[in-house]
Structure formats: structure tokens, C-alpha cells
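Report on the following structure.
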Amino acid sequence: MDEPVLVLRDVAKSFGSVVALRSGTITVQRGSIHALVGENGAGKSTLVKIVAGLYQRDAGVFRLDGEDVDFTSTAQSKAAGVAVIYQEPTLFPDLSVTENIFMGRQPTGALGRIDRSAMRHEVERLFTRLGVTIDPDRPAEGLSIADQQVIEIAKAVALDAKLLIMDEPTAALSGVEVDRLFAIARSLRDEGRGLIFISHRFDEVFGLCDTVTVMRDGAYIATNAIADTTVDAIVRQMVGREVGDLFPKSPTQVGEVMLSVDSLTMPGVFHDISFDVRAGEIVALAGLVGAGRSEVARAVFGVDPYRSGTVTVQGTTVPGGSPIAAMRAGIALVPEDRRKQGLVVEDGVGRNITLAIRRTLSRFGLITTGMENRAAREWASRLEVKTYALDSVAATLSGGNQQKVVLAKWLATEPDVLIIDEPTRGIDVGTKSEVHRLLSELAGQGMAILMISSELPEVLGMADRILVMREGRITAEIDRKDATSENVMFAATHASELSS
Ligand SMILES: Nc1ncnc2c1ncn2[C@@H]1O[C@H](COP(=O)(O)OP(=O)(O)OP(=O)(O)O)[C@@H](O)[C@H]1O
Ligand SMILES: [Mg+2]
């Protein structure tokens, strides 16, 4: 029998008094795609970072290819054949795509000079193999999360790794991109490499992986063959209780028009976008990644400019290009890329949550430390943010818990109009239905909610009305009662009008 690629047994890691990992245990075989699942904060990324050489374990067995190893740097881990795609892309914005792919290991020609044409050539070969159409010479700055993730994958494949670890690689990818990634993963598996795949999406775990290991509270719970287990069984092992994946929106009294967007146009980005959102209503913007949904949201909130059209809140025109004006008018935007755009990572959890309300309230001299702490505590607990103290630095939270902090920050401002981009991305099953319940409750209190989501069950379960975007235009408006995954997908991928 072949040695497994990776063996971890009872690996532990603490940060001060915080035990991030108690007993990390996993055995990854060659030619296998091994899912690693667990709730937000279960210790998955910590385990990965130990294998990557980013953290050193406090205890436990760590064996690669049958040999005991101890990595004190990521370079050692890379040299041993481990490639990691992290939860947050780690590209250097100023460097070109090609330079990023070869970061730290540029091929050198005669006289030790960096061989640029060899690099270019290699990247072209790689992109062809992976079906990537990104310009290798452009800077990484300004690439969408999806494209950044694709480049991370290219980086890993270029390394010719024997163990490839993907920490929630699909969170920002559209269906086509996910399919492409899975095809690459399967071909690497067929070449006899070992893969670890972390995801909160069970359709992916079951569609791609052959084995699954479940973690809870930093500890190993179970390993099963995918063929021998079920979603329900895994969820029970993850959370130790039964949970519903979806909390359908409760019907509410729909009131007056709160947000009205009329003929909003930004040439080349979106065209002639018109819609209303009423008090108590959740309107979903559905469509594929790249359809222009986030761009519309950012324009409505004033982060990005638009060429023509108007945005009105409760009958008053909101001047374009000014988030401050949008906030004054009662709009809040929870952005898609929350770590970059929404979180002050070096600040405490509590301060992050109250950041936005502090800005509004302190102008009127209304906020006290007591109020601030109460608000922070209330929202942290409503969203089940897993942290040891409200003054823990946000950077030390797990990816999913960081998402919740940014959600909490904007919900705490209690806006009239909430625009929320991918509300449950990176959030585990247990909290997902909690976020859905909260959104439903806020709509029930009269909030108008515009929700962008790439998850069809979420769109179908939560939206009163669905606007489908394709290539910068609204191609269909579908009422809750008529919506099916088929007609939403059809409108997202076909040019013709489906309904109106
Ligand atoms: N550098 C650090 N300092 C302090 N605590 C940390 C640090 N890194 C992780 N933790 C804590 O360890 C626990 C496990 O975090 P980890 O990131 O491994 O979770 P995860 O399973 O990847 O969760 P998610 O699904 O949300 O990404 C969390 O409670 C987190 O706050
Ligand atoms: Mg993680």
C-alpha cells in the first residue's frame, strides 16, 4: 500500500488562551479528494495553516508522504509539495498576474537573470490547460474575487503540488467557474495527488469529494466515505443538533416604495436599470457572477459613479457618488468582499460592530460607551459571532465569523434600505438560517431589502420578487409565487425576455 500523502493526528494549536485546534486529525490518500467540514470557527483554517507552515503546531503527529515533518515557514511547506489556496486571496496587487504566479520562485536564465519570456510562456500553457482568459500582464489590482481565486489555483497547479488544499475556494465563484475548478481538481486527483477541499456547500462536498472529515470545536469528530454518509448525518456531526438549511421569509405587509432606481446606466457596466423596493419587501438580484449585480449595488450606494439615471429614497433624490449621502438617506450596503471593504481587521470585534452607528450617532452627541457595548453585545449574539471577547482583534476571527461581524455592523445601523451582497457567503449551515430569520424579521419591521445572491435556494426562499440580471441588464422580473430554479437560471443565461 502507498503511504498516505498527509497524516495529521491529534494536532493542537493555541493562541494565548484561545484553543483554535484541540485534536486535528485527518489522513489524506493519494488520488483522493477529501472534504473537511465544520462550523465557522471549528478549526479548519488553523489546521490548513499548520500544514502550510504558516503556524507551528503545539502537539501532535504531522507526516507528509510517510515522513515526520516540522515546517517553520511556508517556503518549506511549498518545497515539500504542499500548495494552499486560502480563504482570502493573497495576491500582490501591484504585481502582474504572471509575477504573482511565480512569486518567490522566478525561473532564472543564464547569469541568474529572471527569465520573463519563460515565465510568460509557462503562464500561457497553464492558462490554456485551465481554460483561463485573464491577461497575464495586467496587475492583480482590480481583479474580481473570482479571477483572483482562479489565479491562486493556477499558482498551485504551477507548483506541481502533491497535496493541494483549497480553503473555501468556491465562495466567490459562479457556476461555470466552479465547474472548471472541479474539472481541474478531478484531473489532479486522477494524477494521484491528494486534495483537501473545505466548503460550507454540501452539493459541492457530495459532487466532488470521496471522503469527508468532520470537525467540531477544534476537534476531530468523524471520517466517512461520501458514499456511506448523508447531508443530515454530516450536519448532525458538525453542530450536534438538527438545523434547517433554509428559513423561508415570512409573509409581511408590503408598504410604500422606499428605494426607487430609475434608468440607472453606466456604459459598459450596466444599462437602464429600473426597479423599486418597498417597505417590508425583500427583492433579490439574481444572475451569474459578472452580470453586474454588485456594480449596481455599489452605484446605488454611491461607492461607484453612474452616468445617468436617478436613485430615490422615500421620494427624495440621493445624489450619486457619495456613500455619506446614501447613508444619510437611510441606505446601508453590506459589501460582497467583506474582509477588504467592511472590516477593520486590527480593531476589536465590538468596535467593528459599532463603527457605523458610532459615525451616525456621535454627530448628535448621542452615543455613550454603555450604549456602544450593549449594541455590540446584542448584535454579536444575534449573529452568533464566535469570539472569546468583544475586544478580540477582528483579524483573529475565523473567516465566517468575520463575515458575521460586518453583517452585524450594518444591521446595527437599522437602515431604511438595506442592500446586502451575498448575505450568507462563508457562513455555516447553523448560522445561515439564523441570518435568513434575521433578514425576514427586519423586513417585517418595515425595512426594504435588496439582496444579491448567487445561491438559488436562498433567492427562492427569501425573495418576494426576483430581478434577474444578465450582462448588465435586467432580463426578467419574477414574482415569488412563479419562481423556480429553472426560470431564474434560464433568465440568467439566456438573452430573451422570460417574463415581465
Ligand atoms: N491568530 C489567531 N489568534 C487568535 N485566535 C485565533 C487565531 N486564528 C484562529 N483563531 C481562533 O481559532 C478558532 C478556529 O478558527 P479557524 O479559522 O480555524 O476556523 P474555521 O473552521 O476555518 O472557520 P470558518 O468556517 O469560519 O472559516 C476561531 O475561534 C478563531 O477565532
Ligand atoms: Mg476558515
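Owing to the predicted nature of the structure, the values given are computational and were not obtained by experimental measurement. We count ligands from 1, going down the list as the structure has it; atoms in each ligand are counted the same way.
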Heteroatom distance test (Gly38, ligand 1): nitrogen or oxygen, under 3.5 angstrom: no
Under 3.5 Å: N/O of Val18 near N/O of ligand 1: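 No, no N or O pair falls under 3.5 Å.
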Would you say [X] touches ligand 1, if touching means a heavy atom closer than 4.0 Å?
X      : answer
Lys49  : no
Gln402 : no
Glu39  : yes
Asp428 : no

Asn40 near the Mg ion (ligand 2): N/O/S under 2.8 Å: no
Pull out every atom of ligand 1 sitting under 4.0 Å from any heavy atom of [X], numbered as shown with elements.
X      : value
Gly400 : 24 (P), 26 (O), 27 (O)
His200 : 25 (O)
Tyr55  : 1 (N), 8 (N)

Criterion side-chain hydrogen bond (donor to acceptor under 3.5 Å, both in side chains) on Ser454 and Arg293, from CA distance to verdict: CA-CA 10 Å; Ser454 301; Arg293 299 166 305 164; 3.1 Å; yes
Ser392, Ala394, Ser45: member with heavy atom nearest to atom 22 (O) of ligand 1: Ser45
Heavy-atom pair with the smallest gap, counting every atom of Ala185 and Met166: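 In terms of heavy atoms, the two residues are closest at CB-CE, 4.2 Å.
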Close side-chain approach of Phe62 to Val7, heavy-atom, < 4.5 Å: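 Phe62 does not reach Val7 side chain to side chain.
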